[in-house]
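Data block below; observations after.
These numbers come from a predicted model, not from an experiment.
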Amino acid sequence: MFNEIKNKIESSLRRYAASIDRAYKLMDISPVLSERIKEYLLRPGKRVRSCLFVVSYLGYAPRQKPGLYESALAFELLHNFMLIHDDIIDRSALRRGKPAMHTLLDRHLARYTGLKFNGSDLGIVIADVIYAMSIDAFMAIRENRSNKEAALKKFTRAAVFTGSGEFVEMLAGAKPIGRITMEDLYRIYDLKTAHYTFCAPLAIGALLAGAPSREISLLTEYGISLGRAFQINDDILDMCAPEYQTGKSTLTDIKESKKTLLLWHAFRKASRSERRIMQRILDKPKPGIKELEYVRNVVKSSGSIDFCRGQIEQLAASAIAKSSRLNIRPGCLKLLADFPSKILRY
C-alpha cells in the first residue's frame with residue numbers, strides 16, 4: 001500500500017513540476033529560479049510526509065475526494081523549504097546525493113564579480129517561494145470547508161513549530177554540552193522533526209477526513225514517539241554512515257556544535273580529560289577533520305550508539321502500541337504498525 005501511494009505521489013510531483021511555469025510564470029520571471037526549483041523538487045526522496053498524510057486521510061475518509069494527491073505535495077514542498085534553510089544553516093554542501101541548493105547558486109554566481117550577495121542569500125529566497133507554493137498546493141483537495149480550514153491551520157503551525165525548533169537548537173549550540181538535559185534534546189526533536197515529519201501529516205490527513213479528536217490525539221502521540229526515534233536514528237547516521245549512503249554531508253552535528261542525544265550520552269560517559277577536549281572541539285568555529293574524528297571515536301567507545309539504539313527500540317515500541325489503539329481502516333492500521341521497522345533502518 002505504501003509503495004502504491006508513493007508511486008502516485010511521484011507521478012503527481014512530476015506533473016506539478018511541469019506545471020509551475022504555467023501556474024506561476026516562473027520561467028518568465030527567472031529561468032534560474034524555475035530550473036533550480038524544478039530540479040530540486042524532483043530529486044529522489046522517501047516522500048514520507050506526503051505518504052503519511054494520504055494514509056491517514058484514506059484511513060478515515062468515507063470516500064476519496066479529488067485533489068488528494070495534489071494536496072499531499074504540500075508536505076513535500078514544506079520539506080524542501082526546510083531542507084534548503086537547514087543546509088544553509090549547517091553549511092552542508094550535499095543534499096540527496098547532489099549539491100545543496102545554496103551550493104548550486106554559488107556556482108551560478110561565480111561568473112559575476114563584485115556581488116554583495118551569495119548563493120545562501122538566493123537560497124533563502126527560493127526556499128521562501130517554495131513555502132508559499134506549499135500553501136497553494138495544500139488547497140487543491142476538494143474537501144469540507146471547515147475541515148479544510150482546520151487542517152490548513154495545523155499545516156501552518158507545523159511550519160511554526162519546525163522553525164521554532166531550529167531556533168531553539170541553534171541557541172542550544174551556544175551552551176556547554178554539560179548544561180544540556182535529555183528533556184532539552186527531546187523538546188528540540190519534537191519541535192524540529194516529530195511535528196512536521198509525522199504528527200502534522202497524520203493529524204492533518206485525519207482532520208480533513210473528519211476523524212474525531214481522540215484519533216487526532218493518538219496519531220499525534222504516535223508521531224512524537226516515531227519522530228524522536230527517527231531523529232536519534234538520523235543522529236547515528238550523521239556520525240557513522242558514509243556520505244554516499246545518506247546523500248548528505250556527515251559529521252555536521254559536531255561541526256555545528258549541535259547537541260544530540262548521541263553526543264550528550266558520550267559526554268556524560270567520557271573521562272574528565274575527554275570531556276575537556278570534546279568541549280574545546282565543540283566550541284571551535286571550524287574544527288578540523290582530526291578533531292571531528294576524535295569526537296566520533298569517543299562516541300563509539302562510550303557505548304552511546306548502543307544506548308541510542310536502545311532508545312530507538314523503546315520509542316518504536318511505544319509508537320506501535322499507540323497505533324494499536326487507533327480506530328482506522330485495517331490496511332492503514334497495518335501500515336502504521338509496520339512503519340517504524342520500515343523507516344528506522346541504520
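In this structure, Glu183 does not pair ionically with Arg187, as no charged nitrogen and carboxylate oxygen lie closer than 4.0 Å. Taking 4.0 Å as the cut-off between side-chain N and carboxylate O, Glu313 and Arg309 do not count as a salt-bridged pair. Under the 4.0 Å criterion applied to side-chain N and carboxylate O atoms, Lys258 and Asp235 are not assigned as salt-bridge partners. A salt bridge does not link Arg96 to Asp87: none of the charged side-chain nitrogens sits closer than 4.0 Å to a carboxylate oxygen. Classification of Asp338 and Lys334 as a salt-bridged pair holds, one side-chain N sitting under 4.0 Å from a carboxylate O. A salt bridge links Glu143 with Lys65: the distance from a Lys NZ or Arg NE/NH1/NH2 to an Asp or Glu carboxylate oxygen falls below 4.0 Å. Under 4.0 Å is where a charged nitrogen must lie from a carboxylate oxygen, and between Arg43 and Glu39 at least one such pair does. Between Lys38 and Glu35, at least one side-chain nitrogen of the basic residue sits less than 4.0 Å from a carboxylate oxygen of the acidic one, meeting the salt-bridge criterion.
Classified by interplanar angle (parallel below 30°, tilted 30° to 60°, perpendicular above 60°), the ring pair His79/Tyr196 is tilted. Classified by interplanar angle (parallel below 30°, tilted 30° to 60°, perpendicular above 60°), the ring pair Phe155/Phe75 is perpendicular. Note: Phe339 and Phe198 have perpendicular aromatic rings, judged against thresholds of 30 and 60 degrees for the angle between ring planes.
Not one N or O on the side chain of Ser71 forms a donor-acceptor pair closer than 3.5 Å with the backbone of Leu68. Looking only at distances, a side-chain donor or acceptor of Asn80 sits under 3.5 Å from a matching main-chain atom of Glu76. Side-chain N or O atoms of Asp238 include none that pairs as donor or acceptor with a backbone N or O of Asp234 at under 3.5 Å. Within the 3.5 Å criterion, the main-chain N or O of Ala206 finds a donor-acceptor partner in the side chain of Ser56. Checking side-chain atoms of Ser217 against main-chain N and O of Ser213 turns up a donor-acceptor pair under 3.5 Å. In this structure, the side chain of Arg63 does not engage the main chain of Ala61 through any donor-acceptor pair within 3.5 Å. Under the 3.5 Å distance criterion, the side-chain polar atoms of Lys269 are left unmatched by any main-chain donor or acceptor of Ser304. Under a 3.5 Å cut-off, the side chain of Tyr16 and the backbone N or O of Leu41 do not form any donor-acceptor pair. The main-chain N or O of Leu344 is never found under 3.5 Å from a side-chain atom of Asn233 such that the two would form a donor-acceptor pair. The closest donor-acceptor contact from the side chain of Ser50 to the backbone of Ala72 lies under 3.5 Å.
For His85 and Phe81, the gap between ring centers is short of 6.0 Å. Tyr189 and Phe230 have their aromatic ring centers separated by at least 6.0 angstrom.
Annotation for Met170: atom CE does not count as buried by contact number, only 12 or fewer foreign heavy atoms lying within 6.0 Å. Environment of NZ in Lys322: crowded, with over 12 heavy atoms of neighbouring residues, nucleotides or ligands closer than 6.0 Å. The 12-atom threshold is exceeded at CZ of Arg329, counting heavy atoms of other residues, nucleotides or ligands nearer than 6.0 Å. For CZ of Arg214, the number of neighbouring non-hydrogen atoms (other residues, nucleotides, ligands) closer than 6.0 Å is greater than 12.
The shortest side-chain heavy-atom distance between Met101 and Arg36 falls under the 4.5 Å cut-off. A 4.5 Å side-chain heavy-atom check between His108 and Leu104 finds every atom pair outside the cut-off. Residues Arg268 and Phe307 fail the side-chain proximity criterion, which asks for heavy atoms closer than 4.5 Å.
One distance of note links CG of Leu78 with CZ of Phe138; it measures 11.0 Å at 0.5 Å rounding. Rounded to the nearest 0.5 angstrom, Arg275 CZ and Leu282 CG are separated by 13.0 Å. Atom OG of residue Ser225 and atom CG of residue Asp190 lie 9.0 Å apart, to the nearest 0.5 angstrom.
Summarising the geometry of Asn327 relative to Tyr60, their closest heavy-atom pair is O-CE2, 3.4 Å, with the distance given to 0.1 Å. Of all heavy-atom pairs between Gly165 and Leu191, the closest is CA-CB, 3.6 Å. Scanning both residues, Glu215 and Ala211, for their nearest heavy atoms gives CB-CB, 4.3 Å. Between Thr103 and Ser92, the closest heavy-atom pair is OG1-O, 4.3 Å. Between Gln279 and Ile177 the shortest heavy-atom distance is OE1-N, 3.1 Å.
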### Task
Take Thr181 and Asp184, measure what side-chain hydrogen bond (donor to acceptor under 3.5 Å, both in side chains) needs, and give me the verdict at the end.
CA-CA 5 Å; Thr181 67; Asp184 292 332; 3.0 Å; yes
